[in-house]
Every structure is written in C-alpha cells, then in structure tokens.
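Atoms within a ligand are numbered from 1 in the order they appear, just like the ligands themselves.
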Amino acid sequence: MALWDIDKIPFVGKEKGLQQGLGFHYYDADRVVAGKKMKDWLRFGVAWWHTFDQELVDPFGVGTAQRPWQGKYSDPMDEALAKVDYAFEFFTKLGAEYFCFHDRDIAPEGDTLRETNANLDKVVDRIEENMKSTGVKLLWNTSSLFTNPRFVAGASTSPYADIYAYSAGQLKHSLEIAKRLGAENYVFWGGREGYENLWNTQMKREQEHMARFFHMCHDYAKEIGLDAQFLIEPKAKEPTTHQYDFDAATAIAFLRGYDLIDIMKLNLEGNHANLAGHTYQHEIRTARDAGVLGSLDANQGDKLLGWDLDEFPTDLMETVSVMWEVLDEGQIGPHGGLNFDAKPRRSSFYAEDLFRSHIAGMDTYAAGLLVAAKLHEDKVIENLTADRYSSYDSGIGATIENGTATLATLEEYILDKPQSELIAATRSDHLECVKVTLNNYMIEALAEA
Ligand code: XUL
Ligand code: CO
C-alpha cells in the first residue's frame with residue numbers, strides 16, 4: 001500500500017501548459033544533454049533533515065507542517081523506522097537517485113553514546129534494506145555535532161576536552177555507517193566551529209584542534225577502507241558569529257595550512273555563499289580554480305532577508321550560472337551531486353508541498369542545464385573571455401605569462417607610451433549586452449527545449 005497519496009512524478013514537458021504542478025517541464029532524467037544524461041549531470045539528492053524532520057517552525061511560531069506519519073507513533077523509534085519507508089517511497093516517486101542525512105536526523109538519542117549508536121544502527125539496518133530494494137544511493141552522510149546542548153561551544157573546537165572526545169566517538173560511528181551504506185562523500189559542516197566572541201576565544205588553538213580532528217577522521221577512514229570523498233561545507237556565520245569555514249577561500253587556506261588539501265574538497269551551498277557576501281557562482285569558481293570542487297547543496301537565499309533561509313532554488317539565472325560552471329568543469333565533482341538543502345516555506349505546509357518544492361528545484365536546475373549547454377555549445381563565454389585576455393597571447397603579454405618579463409623589461413616597454421595609447425589598449429566590456437545575451441539564451445534555449 002502506498003504511504004504517500006501521490007503518484008510517481010511524470011515528465012510532462014509542455015503538454016500541461018505553463019503552470020507548474022506535479023510534473024516536470026524540463027527534467028527528463030534520461031534525456032542526453034552535452035553528452036550525458038540529465039540525471040548524471042544533476043545527481044539530485046533529498047536532504048533528510050528538511051524533508052522528513054522539519055516542522056516548518058520560524059523564530060516566531062511553531063511548525064505548520066502536515067505530514068502523513070504525524071500522530072501515528074507513540075514510540076520515537078517506531079516513528080524513526082516508519083519514516084525510512086516514507087523516505088524511500090518519496091525518493092522513488094520523485095525520481096531522486098540520492099539522499100543525504102545527519103546521524104541525528106534518522107534516530108533518537110539515548111543517554112550514552114553507546115545507547116544512541118544502538119538506536120542509530122537499527123534505523124541504518126532499515127535504510128540498508130530500502131537502499132537495496134530501490135537502488136537509491138547515499139550521496140553523503142554527516143554527523144550532527146551542533147544540535148545537542150553539549151555542543152554549545154562547538155565540537156572539535158570546543159574548549160572542553162570531554163566534548164572533543166564525544167565528537168570523535170560520534171564521528172567514528174558515523175564513518176562506519178558511511179562505509180556500510182557506500183556513501184559517495186562524507187560532509188563536515190562546522191555547525192558551531194567558530195566563535196561568538198573573540199575575547200574568550202583562542203582561535204589558533206581551536207583551529208589546530210579542528211585540523212587534528214580531520215586528520216584523525218582521515219586516518220580512521222583509511223583504517224576501515226572507507227573511500228568516500230571528504231568534504232568541508234563553508235558557511236560564513238550562523239549559528240556562530242564567525243564560522244571558521246567562512247567561505248571557499250577561507251576553507252581552502254585552512255586546508256592548505258594544515259596539510260588537508262589532498263584529502264578534502266568542498267561542498268558549496270548557495271545561501272551560504274550569500275551569507276559570505278558572495279554569489280554561488282563565485283564560490284564554485286573559487287573551488288574549481290583550486291581543484292577542490294566536491295559537491296553542491298542546492299538552495300537559495302532572499303535578497304531582502306539576511307539569514308540562512310534554505311529556500312528551494314527557483315532563480316533560473318542562478319542555476320544557469322551553477323550549471324555553466326559544472327559543464328565547464330565536466331562534472332559537479334568526482335562524486336558530487338545536487339543535494340536539496342532546502343525546505344518549503346512555512347506557508348507551504350501540505351505533505352504534497354514536499355513534492356512540489358522538490359519538483360520546482362529539479363526543474364529549475366534542469367532548465368539551467370539546458371541554457372548553460374546552449375551557451376557552451378555556442379562558446380559565448382569562452383569567446384568573450386578569450387578575446388578579453390588576448391593581449392597575453394603574444395608580445396609583451398606572453399613574456400609576462402612565460403615568466404621572462406621583469407620589472408625592468410616592462411618599464412622599458414611602457415616608459416614612453418603616451419596616455420592615448422594606454423587608453424586605446426583597454427576596451428569597453430559592453431556588460432549590459434552580455435547580461436541581456438544571457439537573458440536571450442534563457443528564453444531561446446527553453447523555447448527550443
Ligand atoms: C546548515 C547546513 C547543513 C549542512 C550539513 O546551514 O547547510 O545542513 O549541509 O550539516
Ligand atoms: Co548545507
């Protein structure tokens with residue numbers, strides 16, 4: 001018997017008109033775009049915490065969410081086990097091939113870590129059975145080292161050694177689960193790894209502890225033969241005033257400084273980029289340039305609100321920019337995917353809205369892929385940038401790039417050039433036209449789709 005009162009989500013294309021409902025207009029999983037199936041470019045994942053645990057609370061009100069399992073179970077373990085079946089039917093009906101979870105999303109805590117682990121293992125058994133029967137895979141799992149009050153001052157950056165030890169013990173078991181379920185990646189989001197106030201904080205000492213923690217995790221992964229790609233997920237602030245993994249550039253500097261750059265890549269999130277004052281594309285490009293693009297948390301913020309909203313991505317311009325970077329890279333990351341770290345708005349409270357919001361996100365990314373593929377096909381950005389930097393391809397520019405130029409050779413070259421020649425060496429970018437060209441591609445690529 002079906003658990004969700006909803007049929008498998010079909011691809012409807014343009015058949016059903018323009019109004020978005022319970023069907024995909026652009027996401028056609030097996031359609032080949034730029035040499036790969038859509039589903040292989042996008043590798044959509046569902047986030048357990050938002051989809052099966054989130055009650056749509058906000059700081060001013062309790063949850064509004066209506067969910068099919070509510071009120072059916074008095075024992076929290078029974079509810080946790082039942083939710084696994086709801087989850088896998090959801091993935092299958094939606095057509096998402098991956099999911100992601102924190103250890104604490106899936107099972108209630110006991111009093112000791114041993115009791116907590118026993119609860120967790122029972123639910124993991126049920127997840128493993130469902131993975132086998134449905135073929136849905138684990139994009140990544142992670143450990144919640146921030147919800148419980150013991151993590152009030154952080155986990156691996158906590159000033160309290162017992163809490164550090166607890167975090168290590170909890171993480172160890174989480175890595176064992178990653179191994180058991182064949183996780184493709186393992187994510188570390190530093191939930192409270194930062195500070196509220198610098199006056200009571202030994203920042204360097206905390207960062208050294210955090211680096212040591214990652215090395216221990218890597219050692220243990222090697223020991224148990226876990227080959228999931230380790231990923232750090234940067235976030236600028238929230239819950240702490242300053243998170244140590246502030247943004248991609250800060251995380252890359254940390255990885256380089258502590259000899260972790262060869263074992264960790266980045267999981268980047270749209271709304272986190274905005275909290276750091278960046279676009280999502282900026283964060284992705286920064287990671288690509290350093291060779292550490294790992295995976296993506298797909299969501300968006302709101303221009304008018306300055307915190308982590310985790311909205312489902314519906315901004316086409318943004319998904320075009322993300323998928324342009326992904327196409328240029330050839331993949332999201334060696335094992336990356338698009339995990340919807342997103343929740344429906346508090347006013348979208350029906351169970352059905354979980355499907356509707358995921359469809360909206362999947363279609364916006366599929367449309368973004370189609371537009372980005374057309375931009376690539378016509379080499380719009382490639383030609384524009386090749387032309388913009390062409391003065392480095394020969395002459396004085398080539399001597400700068402090949403390392404033969406010195407301050408003296410450059411001085412000799414430039415010393416007597418008049419201002420008029422220098423101004424003539426620069427050109428207008430026609431940036432307004434570039435932006436509208438992107439609009440034109442969005443309109444045309446989707447009209448043809
Ligand atoms: C929090 C966030 C997390 C991570 C996993 O802002 O993004 O959900 O993705 O811990
Ligand atoms: Co995230």
Task: Nearest-option assignment for atom 10 (O) of ligand 1, heavy atoms, candidates His102, His272, Glu233, Glu238 - done: His102
Task: Lys235 N/O to ligand 1 N/O under 3.5 Å - done: yes
Open item on the list: Give me the residue, atom name and distance of the protein heavy atom closest to atom 2 (C) of ligand 1.
Closed with: Asp341 OD2, 3.3 Å
Task: Short N-O contact, Glu128 and Arg180, less than 4.0 angstrom - done: yes
TODO: Please work out whether the ring planes of His278 and His282 are parallel, tilted or perpendicular, with thresholds of 30° and 60°.
DONE: parallel
Open item on the list: Looking at Glu444 and Lys374, is any side-chain nitrogen of the basic one under 4.0 Å from a carboxylate oxygen of the acidic one?
Closed with: no
Open item on the list: So, 2.8 Å as the limit: is an N/O/S atom of Glu233 located closer than that to the Co ion (ligand 2)?
Closed with: yes
TODO: Give a yes/no verdict on whether any heavy atom in Asp297 is under 4.0 Å from an atom of ligand 1.
DONE: yes
- [ ] Check the angle between the aromatic planes of Tyr86 and Trp4 and answer parallel, tilted or perpendicular using the 30° and 60° thresholds.
- [x] perpendicular
TODO: Mind checking whether Asp308 contacts ligand 1 via backbone (N, CA, C, O), side chain (CB onward), both or neither, at a 4.0 Å heavy-atom cut-off?
DONE: side chain
- [ ] Examine Arg67 relative to Phe52 and say whether NZ or CZ is less than 6.0 Å from the centre of the six-membered ring and inside a 45° cone about the ring axis.
- [x] no
Open item on the list: As an exercise, identify every atom of ligand 1 less than 4.0 angstrom from a heavy atom of Trp49.
Closed with: 8 (O)
